[in-house]
Amino acid sequence: MATEEVPRIGVFVCHCGHNIAGTVDVERVAEIAAHYPNVEFATHFMFMCSDSGQQLIRDKIEEFSLNRVVVASCSPRMHEPTFRRVVEEADVNRYCFEQVNLREHVSWCHMREPEAATEKAIDLIRMSVARAALLVPLEVKTVSVEPHTLVVGGGVAGLRAAIDIDSRGFKVTLVEREPELGGNLAKLSTLYQGNEKASDVIERMVLAARISENLTIMTDSEVVDVEGYIGNFDVTVKNNATDKTEKLRVGAIIVATGFQSWVPEGIPPYGMSLDVITLAQLEEMKRDDKLLCPSTGKPPKKVMFIGCVGSRQPGVQGHEHCSRYCCTAMVKAAADITEITDEVLILYDDIRTFGKGHEEVHRSAHEKFVMFSKFDRTKPAKTTVADGALSVKWRDILAGDNLEFHPDLLVLVTAMIPPEGVEKVSQLFSLTRSADGFFNEEHIKLAPLTTHTAGVMIAGAAQSAKDSTDSTTQASGAAAKAASLMARGEVEIESTVAHVLEELCSSCHTCATACPYGAISFDTSKKPEIAVVTEAECHGCGTCAAGCPSSAIIMRHSTDEQITAMVEAFLMPPPVMGGGDS
Amino acid sequence: MSGKRFEPSIVAFTCNWCSYGGADLAGISRIQYPPNSKVIRLMCSGRVDPLMTLEAFKNGADGVIISGCHIGDCHYSTGNYRTEVRFMALRSAMDVIGLNPERLRLLWASASEGQQWADTMREMAEQVRELGPSPLKGGSKK
């Protein structure tokens, strides 16, 4: 595609402190980049994303009348929005910005080969400079935002988010697949730190939700289909009790689908005796005031807890993460039952009661004479059952003694894992998942509540294992995100859509069958008819352009020419201008 | 250049959502792999026109990787179905023109599969090194 203006490219190479510069010779990279075609200016700097780095870009744009900017730094998934804003502040269109990933794709994965890494960095920048020369400014488009948010999941996080949105005066719909609200929290007895009954907390929230003017609750219901884009999602919700479906138009979505407590089926000591249970099962007994040994129906005299079951065990039972609720929940449950039992013993790997007020809970367990013993994580405790009686043997690594205990009830404090159906939720909302299976945030620090799907937020244990305190905090944050989107009323969307060149279209319909969104129709007033893209429905994947046999489709910001220019720059490097003086 | 090991040039067409995230994760996790492949970021693996792949070989690529979301996980629902069909067609075409189809690889990698990304980059570099330079730029029998 022809550009009206002659490209004047600036290349800005970032050290990222030691992250890039520790491996890549950034000085040499910038020096070589300065000689590439159309490059008017190239430099390197400690942190391009810092205030001074951003100012440097703006200053050089002005000084050298740059109209294309290449920043070679971290992943565009992290800082593309930042630098797009920076160039816009200096009157360069955001689509005339191109980012090279020298950190995630070079320095961090080729740490032991600095020379090869530097060569790769040079190649990648050459490729991006070639593409930058062909970039064209695009108009920035906005769409309206439907003032209605969908909250998926009616646990403590979903409830908190929904109530918060309602309190700001926006319409909100809360969808819960179970018949009752409350999620996992409703199964607990009492909560740390204040020893409040979990049911009281949930009841207060449910009551607040029920009297809310703008809040619609849909229980027994699941989201079965999601279409559309930020500001304008079309969601189909199915009521599993009545089999009826309902369609909603929402502007934002908060996914708060929570967790499930891991049950170590088939992994001893679970299953060796009915009296081996999980903390989640113990909590339900405590809630119902029925703390009884399942085998005998009698109250247990001696109770033993084992911590970190399935947590912090990469490769062994599959869960590498610390579940972040269990240390405190375990010491609290142990302290709670000292009054109705004779002996309570906690077998732990590590104990870290990290939260506000959690150490006090830990101390109270000690004060109530709960026994603590640290086991060797490389030699787990051995459990045996004889005549229905449990015996647990282990080595206490602080005392160096081999110990034995005969609990009436053995409680495994197990990991939080993603709930059943998480794959389906991930597909519905196009969410990616981390290695432990929870949904990925857009960026752990810079954008912890939003996801890579614009308009979809995450909150609570859906994002990672955490307790209800942290879940509700996150839920309030996600609610604020949704509310700010709705309050603005409109949002910018990508202009990177497909466009049909009328004179080249041969009316073969290949593009229309390739389009996942049905965004291509035909203008039958023309003979032969020609393909037309409905831009609001185009998501910009480009599969139509790849399929078009006549090259009649231009993918804005991802044109054939822009892509092949990168291929050519990689494989057939242009002669270096002014070479030899470096 | 004599005595130096052959370092294949590999183009990696990578979708923005899953695979680019997977490549990022490999870096974030400091998983080390050979630097032969250069990523070209596209929105969807479905954007890869078979002609672009052939163009890459014509320009001297020793190998090409097309990487996208797993089937069923595509950010664009069904964009990668097309990728798979086009990939199969491309491999047949390569066979016909005498270019070893092993020089083209399809990788489904999610944003959480940094290890798979790194493993494939390593395997591909080793495999293409074994095959030698692309016959389209001369000097190889395969």
Side-chain angles (χ1 to χ4, degrees), chain A residues 74-78 99 101 103-113 116-117 119-121 123-124 127 131 227 423 426-427 430 432-437 440 452-453 494 496 514-517 539-548 551 555 557-558 560 563-564 566-568 570-572, chain B residues 7 9 11 13 15-18 20-52 55-56 58-61 69 72-83 86 110-115 118 121 137:
Chain A
C74 51
S75 172
R77 282 166 63 109
M78 178 152 164
Q99 191 162 358
N101 189 345
R103 196 179 69 177
E104 284 83 348
H105 289 194
V106 182
S107 63
W108 278 351
C109 53
H110 313 308
M111 298 175 95
R112 291 191 282 275
E113 13 180 13
E119 290 307 316
K120 180 171 172 180
D123 284 345
L124 289 178
M127 290 160 72
R131 172 176 151 83
E227 282 178 14
E423 300 84 3
S426 143
Q427 279 168 29
S430 300
T432 60
R433 293 160 66 203
S434 54
D436 54 14
N440 279 328
H452 287 294
T453 308
E494 290 290 330
T496 49
C515 179
Y517 303 99
H539 291 224
C541 65
T543 190
C544 56
C548 178
S551 298
M555 263 323 292
H557 207 54
S558 185
D560 288 0
I563 298 166
T564 42
M566 293 185 84
V567 175
E568 283 171 13
F570 168 30
L571 301 163
M572 304 193 298
Chain B
E7 288 299 347
S9 298
V11 174
F13 292 112
C15 88
N16 179 55
W17 304 100
C18 297
Y20 199 91
D24 277 2
L25 186 63
I28 292 163
S29 317
R30 310 297 197 274
I31 304 170
Q32 304 296 300
Y33 58 88
N36 302 69
S37 6
K38 311 290 182 301
V39 166
I40 295 180
R41 179 169 74 125
L42 304 171
M43 281 298 124
C44 180
S45 59
R47 175 68 186 96
V48 184
D49 187 331
L51 289 177
M52 286 173 194
E55 196 68 24
K58 216 174 87 190
N59 289 342
C69 310
D73 271 350
C74 181
H75 186 80
Y76 303 102
S77 310
T78 56
N80 58 2
Y81 291 4
R82 294 275 156 178
T83 312
R86 289 168 187 155
S110 77
S112 62
E113 292 176 333
Q115 188 66 54
M121 294 306 123
K137 60 181 183 190

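A, B, ... follow the sequence lines: proteins, then strands. Residue 1 opens every chain.
Proximity to chain B (any heavy atom under 4.5 Å) is shown, for A/Glu423, by neither the backbone nor the side chain. Interface remark: A/Ser434 contributes backbone atoms only to the contact with chain B (heavy atom separation under 4.5 Å). Both the backbone and the side chain of B/Ser9 come within contact range of chain A, each with at least one heavy atom under 4.5 Å from a heavy atom of that chain. Both the backbone and the side chain of B/Val11 come within less than 4.5 Å of a heavy atom of chain A. Both the backbone and the side chain of A/Met566 come within less than 4.5 Å of a heavy atom of chain B. For chain A, the nearby part of B/Asn36 is the backbone; its heavy atoms alone come within less than 4.5 Å. Interface remark: B/Ile31 contributes backbone atoms only to the contact with chain A (heavy atom separation under 4.5 Å). Neither the backbone nor the side chain of B/Thr83 comes within contact range of chain A; no heavy atom of the residue lies under 4.5 Å from a heavy atom of that chain. Within the 4.5 angstrom heavy-atom criterion, only side-chain atoms of B/Phe13, from C-beta onward, approach chain A. Proximity to chain B (any heavy atom under 4.5 Å) is shown, for A/Arg112, by both the backbone and the side chain.
Of the listed residues (B/Ala23, B/Ser45, B/Ser29), the one with the most heavy-atom contacts under 4.5 Å to chain A is B/Ala23. The candidate from B/Ala111, B/Gly21, B/Gly114, B/Pro50 with the greatest count of non-hydrogen atom pairs under 4.5 Å with chain A is B/Gly21. Across A/Ser426, A/Cys541, A/Gly540, the residue that shares the most heavy-atom pairs under 4.5 angstrom with chain B is A/Cys541. Across A/Glu113, A/His557, A/Glu119, A/Arg131, the residue that shares the most heavy-atom pairs under 4.5 angstrom with chain B is A/Glu113. Among A/Pro76, A/Gly437, A/Ser107, A/Cys515, the residue with the largest count of heavy-atom pairs under 4.5 Å with chain B is A/Pro76. Annotation: maximal heavy-atom pairing with chain B below 4.5 Å, among A/Gly547, A/Cys544, A/Ala116, A/Ala117, occurs at A/Gly547. Among the candidates B/Cys74, B/Pro34, B/Cys69, the residue making the largest number of heavy-atom pairs closer than 4.5 Å to chain A is B/Pro34. Between chain A and the options B/Asp49, B/Asn80, B/Asn59, B/Leu25, the largest number of non-hydrogen pairs under 4.5 Å is found for B/Asn59.
A/Ala546 approaches B/Gly46 most closely through the heavy-atom pair CB-O, 3.1 Å. Across B/Tyr76 and A/Tyr517, no two heavy atoms sit closer than the pair CA-OH, 2.9 Å. The shortest non-hydrogen separation linking B/Arg47 to A/Ala545 is NH1-CB, 3.7 Å. Here the shortest heavy-atom pairing between B/Asn16 and A/Arg77 reads O-NH1, 3.0 Å. Considering all non-hydrogen atoms of both residues, B/Val39 and A/Met127 come closest at O-CE, 4.1 Å. Across all their heavy atoms, B/Gly27 and A/Cys109 have their closest contact at CA-CB, 4.3 Å.
To the nearest 0.5 Å, atoms CD1 (B/Ile28) and CE (A/Met78) are separated by 8.5 Å. We find the OG-NZ distance between B/Ser37 and A/Lys120 to be 6.0 Å, quoted to the nearest 0.5 Å. B/Leu51 CG to A/Ile563 CD1: the interatomic distance, rounded to the nearest 0.5 Å, is 12.0 Å. To the nearest 0.5 Å, atom NZ of residue B/Lys58 and atom OG1 of residue A/Thr564 are 10.0 Å apart. Interatomic distance, A/Glu104 CD to B/Arg30 CZ, rounded to the nearest 0.5 Å: 8.5 Å. Note that CE of B/Met52 and CG of A/Asp560 are 4.0 Å apart. Values are rounded to the nearest 0.5 Å.
Side chains of A/Pro516 and B/Tyr81 form no contact here, defined as non-hydrogen atoms less than 4.5 Å apart. With contacts defined as side-chain heavy-atom distances shorter than 4.5 Å, the pair B/Ile40/A/Phe570 does not qualify.
Within a 6.0 Å sphere centred on CD of A/Gln427, heavy atoms belonging to other residues, nucleotides or ligands number more than 12.
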Verify side-chain contact (heavy atoms from CB on, under 4.5 Å) between A/Trp108 and B/Gln32, making sure each step is shown before the conclusion.
CA-CA 8 Å; A/Trp108 278 351; B/Gln32 304 296 300; 5.9 Å; no
Give the C-alpha distance, both sets of side-chain angles, the deciding distance and a yes or no for side-chain contact (heavy atoms from CB on, under 4.5 Å) between B/Glu55 and A/Leu571.
CA-CA 11 Å; B/Glu55 196 68 24; A/Leu571 301 163; over 6 Å; no
